[in-house]
Colleague: 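What follows is a single structure, and I will ask about it in a moment.
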Amino acid sequence: MSTLDWNNIGFGYIKTNVNARAYFADGKWSELEFTDDEYIKMHISTTCLHYGLQCFEGLKAFRGEDGRVRLFRVDENAKRMQASARKLCLPVPSVEMFVKACREVVERNMEFVPPYESGASLYLRPLLLGSQIDLGVKASPEALFLVFCSPVGPYFKGGMAPIKVIIDRVQDRAAPRGTGDIKAGGNYASSILSGEKAHTLGYSNVMYLDAVEHKYIEECGAANFFGIKDGTYVTPKSPSILPSVTNKSLRQLAQDMGLKVEERPVAVDELSSFSEAGACGTAAVISPIGSILDIDTNEFISYGDEVGPVSLELYNRLRDIQYGRAEDVHGWTTIIE
Ligand code: PLP
Ligand code: COI
């Protein structure tokens, strides 16, 4: 076991043993290779560097109460990377190769899977890069697929403590017929300016609105949004939202708890009617939202300083499956060891 200070790691890069790589050329993928090299050598005219021809994924492995290590919903991430690759006209990794790479990266980095009690986990970052050397703006028939990992702690400082977020119309994250529904790096590039502004003002995150009317909630930083009211789990629906694996899981858990589930447009005006609100994602898990300030209208909505009961129950149910404390009735985990 590595000697890291498990209880105090944040969300950042920590060197591990190996990463996995495969190359697509002449219409086929190479065998997966495993290397301790943290660098990739790239030609200066590789298309991913110039035109953003790349996408990525994020998923976690957890060391459970029983000592076993579980990967959460790896097949869902594989399918989402396929959707991203198709939309970006990149070579599409097979689900089989994606899952094998993730599995083996965990197996070969076991000492970096944080101990059960720490609450930390091993974050996996699959990456697909268009590796064609070219100057023209066109599809890349060559690609590099890689998976590396890093032990991570909470994404937001304070873990499960409610976060303060801001609605700011300074920047749209994604356009309705753009790339918001896939995990393209460019989406994150167009969220940096507003994110930096929010941090400077003392907020954890930005709530992105739809790019047409700036009236409907899209996402909450690098996470989906959900609100709870009258026994219903409500989450926004839009063509420019990333379909979150965590949100999909929470919708199922909400149903299991007897809640109604609604996926539909959620107007900014509706925010004050929720009794609880949260951001959800692999990195964010569930981050309860304590308050939302609309910087343009000055409207301030507070959900209180405590985690709401429904959010807490959802969080506990999700964590129980991830850490092997509850039966995995939906078949979401892959046991690595
Ligand atoms: N939305 C965005 C923009 C994200 O970057 C993420 C993170 O992956 C999510 C939502 C949450 O998705 P998931 O639950 O699959 O991690
Ligand atoms: C994740 O939750 O896996 C993400 O991709 C968020 C990340 C951009 C930090």
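Heavy atoms only: backbone and side chains are in, while hydrogens, waters and symmetry mates are out. This chain uses plain numbering: 1 for the first residue, then up along the sequence.
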Colleague: Specify the closest pair of heavy atoms between Gly195 and Tyr208, including all atoms of both residues, with the distance to one decimal.
Modeller: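 Closest approach of Gly195 to Tyr208: N-OH, 4.3 Å.
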Colleague: Take a 6.0 Å sphere around CD of Glu306 and say whether it holds more than 12 heavy atoms from other residues, nucleotides or ligands.
Modeller: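 No, CD of Glu306 has 12 or fewer neighbouring heavy atoms, counting only those of other groups under 6.0 Å.
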Colleague: Quick one about Asn247 and Tyr233 (side-chain donor to acceptor, distance below 3.5 Å, no hydrogens or angles considered), yes or no?
Modeller: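 On atom types as modelled, these side chains qualify, holding a pair under 3.5 Å.
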Colleague: Quick check on Lys28: does its NZ atom have over 12 non-hydrogen neighbours (other residues, nucleotides or ligands) under 6.0 Å away?
Modeller: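 No, not enclosed.
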Colleague: Against Ser240, only a single residue in Glu219, Arg177, Arg173, Glu218 fulfils side-chain hydrogen bond (donor to acceptor under 3.5 Å, both in side chains); can you say which?
Modeller: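 That would be Glu218.
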Colleague: Do the ring planes of Tyr13 and Phe148 sit parallel (below 30°), tilted (30 to 60°) or perpendicular (above 60°)?
Modeller: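 Taking Phe148 first and then Tyr13, their aromatic rings stand perpendicular (interplane angle over 60°).
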Colleague: Of the non-hydrogen atoms in Asn109 and Asn17, which two are nearest, and what is the gap between them?
Modeller: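 So the minimum-distance heavy-atom pair works out to OD1-N, 2.7 Å.
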Colleague: Between the side chains of Arg21 and Thr35, is a donor N or O closer than 3.5 angstrom to an acceptor N or O?
Modeller: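 No, because no side-chain N or O of Arg21 sits under 3.5 Å from a partner of the opposite role on Thr35.
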Colleague: Assess whether atom CZ of Arg68 is packed by more than 12 heavy atoms of other residues, nucleotides or ligands within 6.0 Å.
Modeller: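 Counting other residues, nucleotides and ligands, CZ of Arg68 stays at 12 neighbours or fewer.
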Colleague: Before accepting this row, confirm whether a basic side-chain N of the pair Glu76/Lys248 lies closer than 4.0 Å to the acidic partner's carboxylate O.
Modeller: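 Yes, charged N to carboxylate O under 4.0 Å.
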Colleague: Could you check whether Glu96 pairs with Lys100 (Lys NZ or Arg NE/NH1/NH2 to Asp/Glu carboxylate O, under 4.0 Å)?
Modeller: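 No, this pair does not count.
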Colleague: Do the side chain of Ser291 and the main chain of Ser302 share a donor and acceptor less than 3.5 angstrom apart?
Modeller: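 It does not hold such a pair.
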Colleague: With a cut-off of under 6.0 Å to the ring centre and 45° to the axis, is Lys164 in cation-pi contact with Tyr203?
Modeller: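 Yes, a cation-pi geometry.
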Colleague: Does Arg108 count as lying over the ring of Phe34, i.e. NZ or CZ under 6.0 Å from the six-ring centre, within 45 degrees of the axis?
Modeller: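 The answer is yes, since Arg108 meets both limits relative to Phe34.
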Colleague: With ring centroids as reference points, do Phe24 and Phe145 lie under 6.0 angstrom apart?
Modeller: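 When the ring centroids of Phe24 and Phe145 are compared, they turn out to be at least 6.0 Å apart.
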Colleague: Distance-only, no hydrogens or angles: does the Arg80 side chain make a donor-acceptor pair with backbone N or O of Pro243 under 3.5 Å?
Modeller: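 At least one qualifying donor-acceptor pair exists.
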Colleague: Verify the neighbour count for atom CG of Asp26: are there more than 12 heavy atoms of other residues, nucleotides or ligands below 6.0 Å?
Modeller: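 It does not: Asp26 CG has 12 such atoms or fewer within range.
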Colleague: More than 12 non-hydrogen atoms from neighbouring residues, nucleotides or ligands closer than 6.0 Å to CD on Glu213, yes or no?
Modeller: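 Yes, enclosed.
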Colleague: Measuring centre to centre across the rings, with the benzene-like ring taken for any Trp, is Tyr188 within less than 6.0 Å of Phe56?
Modeller: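 Centroid distance Tyr188-Phe56: below 6.0 Å, so yes.
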Colleague: Hey, is CG on Asp305 packed in by over 12 heavy atoms from elsewhere, all under 6.0 Å?
Modeller: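 No, not enclosed.
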Colleague: Would you please test His199 and Asn205 for side-chain contact (heavy atoms from CB on, under 4.5 Å) and show each step?
Modeller: CA-CA 7 Å; His199 290 146; Asn205 233 333; 5.7 Å; no
Colleague: Does any pair with a residue in residues 276-304 pass salt bridge (Lys or Arg N to Asp or Glu O under 4.0 Å), and if so which ones, sequence neighbours excluded?
Modeller: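 Listed by first then second residue: Arg169-Asp294, Arg169-Asp296.
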Colleague: State whether Phe274 and Lys229 meet the cation-pi test: NZ (Lys) or CZ (Arg) under 6.0 Å from the six-membered ring centroid, and within 45° of the perpendicular axis.
Modeller: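 Yes, Lys229 lies over the aromatic ring of Phe274.
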Colleague: Does atom NZ (Lys215) have a neighbourhood of more than 12 heavy atoms from anything else shown, all under 6.0 Å?
Modeller: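 No, NZ of Lys215 has 12 or fewer neighbouring heavy atoms, counting only those of other groups under 6.0 Å.
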